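Sequence lines set the chain letters: A, B, ... in the order given, protein chains first and strands last, and positions in each chain run from 1. Quantities reported herein were computed from a predicted structural model and do not represent experimental measurements.
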Amino acid sequence: MSLDPTLLDDLEWRGLIAHSTDLDALREDLGEGSVHYYVGFDPTAPSLHMGNLLQIVTAMRLQRAGHTPYVLVGGATGLIGDPRDSGERTLNSAETVRDWVERVRRQIEPFLSFDGANAATMVNNLDWTAGLSTIDFLRDIGKHFPVNRMLARDTVKRRLESGISYTEFSYILLQSLDYLNLFRTHGVRLQFGGSDQWGNLTGGVELVRRSEGATVHAFATPLVTKADGTKYGKTEGGALWLDPEMMSPYAFYQFWLNAEDEKVGELLRIFTFLTRAEIEALEAEHAERPFLRAGQRTLAREVTTLVHGADETARIEAASAALFGGGDLRAAGARTLDAALSTARPMLEVESLGATIVDLLVDAGLVKSKGEARRAVAEGGAYLNNERVEDPDLVPGPGDLIDDQLLVLRRGKKSFAGVRVR
RNA sequence: GGCAGAUUGCCCGAGCGGCCAAUGGGAGCGGACUGUAAAUCCGUCGGCGUAGCCUUCGAAGGUUCGAAUCCUUCAUCUGCCA
């Protein structure tokens with residue numbers, strides 16, 4: 001495996017390095033051979049999300065450049081919980097964490113190569129912490145962590161007012177121990193993670209230096225925010241999940257397609273493998289003809305393909321074209337629409353016509369209550385076959401069916417649902 | 001342990017016996033403009049059979065014709081004193 005000498009420059013150009021230890025030293029090591037690096041994922045949910053995807057993609061970049069990945073799933077740290085600003089976490093049961101560890105592991109595997117000279121390795125920190133005695137932990141690890149320094153860390157400082165348990169306070173020791181252990185057993189010399197992990201990353205670097213006298217590296221990727229500074233990757237349904245059961249690939253695609261203009265370049269750099277030249281060309285194209293949204297389309301296609309595959313992405317693009325095409329829905333035909341609508345959300349199956357538009361909107365899941373459905377109609381936000389509905393008591397008839405079997409409901413600009421009559 | 005104050009809808013925050021489903025801001029949602037973008041403007045923002053009714057203001061009781069508003073107890077949080 002040959003090393004790509006431009007790796008670090010590329011990462012910097014993509015804006016992936018928000019904080020780092022000595023970059024010159026890292027650059028030197030990266031040039032000398034395949035560096036063993038690690039990135040960790042705590043099982044805090046049954047699926048990974050957009051923030052994790054950033055780390056996965058970054059891990060892929062390093063592997064493609066010839067370096068050797070160790071992917072850590074936090075079977076131990078997931079039992080403890082990283083301190084966060086919103087307050088003390090509720091502990092998840094051991095069974096839950098075990099289950100999530102498995103799911104997360106399976107989710108990550110397709111992204112990396114487990115063959116070849118720089119094959120990836122999956123590790124679980126429960127393997128080296130489960131048998132660790134409290135006394136050994138306090139003597140060998142705890143001794144290297146001055147509490148006064150720990151208290152000065154931003155995440156801890158912010159929690160001192162509202163309160164923080166000893167459990168969460170100790171989290172950094174566990175993550176630092178991970179680095180030390182991977183350094184000892186696998187020669188791992190680089191860790192990266194989100195910028196909120198910076199304290200934990202440096203904790204590990206320092207622990208390795210103190211107990212082994214070795215210099216190892218770390219860098220933190222930036223927090224991706226919206227143009228207004230708020231956190232990215234949140235939808236009305238919560239996080240942007242990678243699991244197709246938790247977020248339909250259609251919704252996933254739509255999320256990226258709707259990226260704000262001023263963020264597209266940044267997102268392309270962070271989440272796609274397009275080259276610098278390709279991305280700059282897209283940005284130029286966008287500046288020229290923004291209404292085409294070439295950047296968003298490419299971004300959505302690239303990321304959805306990465307996560308859900310090319311076939312699924314092609315289906316979604318066809319579905320989006322049918323629903324948002326602006327043309328006559330009847331021209332698309334029931335067959336195409338059926339596929340498109342099923343992609344967006346489960347179809348509503350009814351035995352026969354007769355329900356009002358209000359009931360249909362509720363039953364199809366586009367609104368939560370009849371009151372909301374009536375409001376939608378009153379606001380002009382309800383559509384039947386892409387035509388605005390004015391009357392909440394409207395009962396769609398046989399004449400409204402496309403190819404005698406399908407109704408297309410729309411709420412607002414972007415939410416579609418299909419009704420199929422058996 | 002003692003004293004004082006807090007607890008309101010997704011979040012922040014007014015209300016302090018009837019005019020309160022509850023002012024205002026934010027988020028969300030819809031419309032207009034555009035490009036399935038941003039900004040802006042307008043509207044909306046507990047549920048139901050939209051007449052009115054039902055369930056909401058930490059929890060449970062109580063006073064009253066009537067309570068988010070008063071009383072009692074409990075829970076949680078904050079400040080002051082030990």
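- Here B/A32 sits opposite B/U40 as a Watson-Crick or G-U wobble pair (both hydrogen-bonding atom distances under 3.5 Å).
- A salt bridge links A/Asp359 with A/Lys370: the distance from a Lys NZ or Arg NE/NH1/NH2 to an Asp or Glu carboxylate oxygen falls below 4.0 Å.
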Per-nucleotide protein contact along nucleotides 44-53 of chain B, 5' to 3', at a 4.0 Å heavy-atom cut-off (B base, S sugar-phosphate only, - neither), is SS-SSSB---
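- Taking the side chain of A/Asn258 as heavy atoms from C-beta on, and the options B/G31, B/G35, B/A37, the nearest nucleotide is B/A37.
- What separates NZ of A/Lys413 from P of B/U34 is a distance of 11 Å, to the nearest Å.
- Using C1' as the reference atom, B/G58 and B/C54 are 22 Å apart when rounded to the nearest Å.
- B/G66 is unpaired under the criterion used here, namely a Watson-Crick or G-U wobble arrangement in which both key atom distances are under 3.5 Å.
- If you check the side chains of A/Asn52 and A/Gln107, you find no donor sitting under 3.5 Å from an acceptor.
- Every residue meeting the side-chain contact (heavy atoms from CB on, under 4.5 Å) condition with A/Thr304, not counting sequence neighbours, appears here in chain and number order: A/Phe252, A/Tyr253, A/His308, A/Thr313, A/Ile316.
- With rounding to whole Å, A/Glu260 atom CD is found 13 Å from B/U40 atom P.
- Both A/Gly381 and A/Tyr253 sit near RNA chain B, but only A/Gly381 has its closest nucleotide nearer the 5' end.
- The partner of B/U50, taking Watson-Crick or G-U wobble pairs whose two distances both stay under 3.5 Å, does not exist in any strand shown.
- Spacing between B/U8 and B/C70 at atom P, rounded to whole Å, works out to 15 Å.
- Residues that satisfy the side-chain contact (heavy atoms from CB on, under 4.5 Å) test with A/Val395, not counting sequence neighbours, are A/Thr356.
- Ionic pairing of A/Glu379 and A/Arg388 is not present here: no N-O contact between side-chain nitrogen and carboxylate oxygen is shorter than 4.0 angstrom.
- Atom-to-atom, CG of A/Leu267 to P of B/A37 comes out at 16 Å; the value is rounded to the nearest Å.
- For A/Tyr179 and A/Tyr38, the gap between ring centers is short of 6.0 Å.
- In this structure, CZ of A/Arg411 is placed 5 Å from P of B/G30, rounded to the nearest angstrom.
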